[in-house]
Amino acid sequence: MLVIEEDRVISRMIANDLEGIVEFSFASNWLEAVKLLREKRFQLVLIDLEVNDLPDNVQVFDFIHGIDLDYRILPIFKNDKVLVDERDRLMRSGIELALAKPWTKDELTSYVFKCLEA
């Protein structure tokens, strides 16, 4: 799994929540993410859509799908309202699940498993 997250505190929370459950790599910005996506195969991309250097959300999803159509993408939104506002665009991009901040460990692990099982 690739985690695209620039906030070190959130990155540590994700690492703690998923340690021993799934293997993961971190990218703290879009350029690092692109490099890793081109070098390595990931089953899932967990992406914080507030990372500063990200292009438009739909462009991000299209780029990731263009590299490998088998990737599952689990976007993270800053809150439930934004998630609701973006739901239609997500569905058009083939994204069925998304997380909103703040989440619990159980929510994160459940969503990761659902994405990996799909």
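In this text the structure is predicted, and so the values were computed from the model without any measurement.
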I'd like to check Thr104 versus Leu108 (side-chain heavy atoms, cut-off strictly below 4.5 Å). Are they in contact? no
Spacing of CG belonging to Leu31 relative to CG belonging to Leu36, to within rounding of 0.5 Å: 11.0 Å
Between CG on residue Asp48 and CD on residue Glu5, distance to nearest 0.5 Å: 4.0 Å
How long is the span from the OG1 atom in Thr109 to the CH2 atom in Trp103, to the nearest 0.5 Å? 12.0 Å
Got a second to check how far Glu32's CD is from Leu2's CG, nearest 0.5 Å? 9.5 Å
Identified side chain to side chain contact (heavy atoms under 4.5 Å, CB included) counterpart of Ser25 within the set Lys40, Met1, Glu39: Lys40
Working to the nearest 0.5 Å, report the span between CZ of Phe26 and CG of Leu46. 8.0 Å
Is the backbone of Lys114 close enough, under 3.5 Å, to the side chain of Glu117 for a donor and an acceptor to pair up by distance? no
Give the table of side-chain donor-acceptor pairs shorter than 3.5 Å for residues 9-24, with sequence neighbours excluded, one pair per line with atom names and distance.
from: Ser11; atom 1: OG; to: Asp7; atom 2: O; distance (Å): 3.1
from: Arg12; atom 1: NE; to: Arg8; atom 2: O; distance (Å): 3.4
from: Asn16; atom 1: ND2; to: Arg12; atom 2: O; distance (Å): 3.3

Tell me, do Val45 and Ile4 make a side-chain contact under 4.5 Å, heavy atoms counted? yes
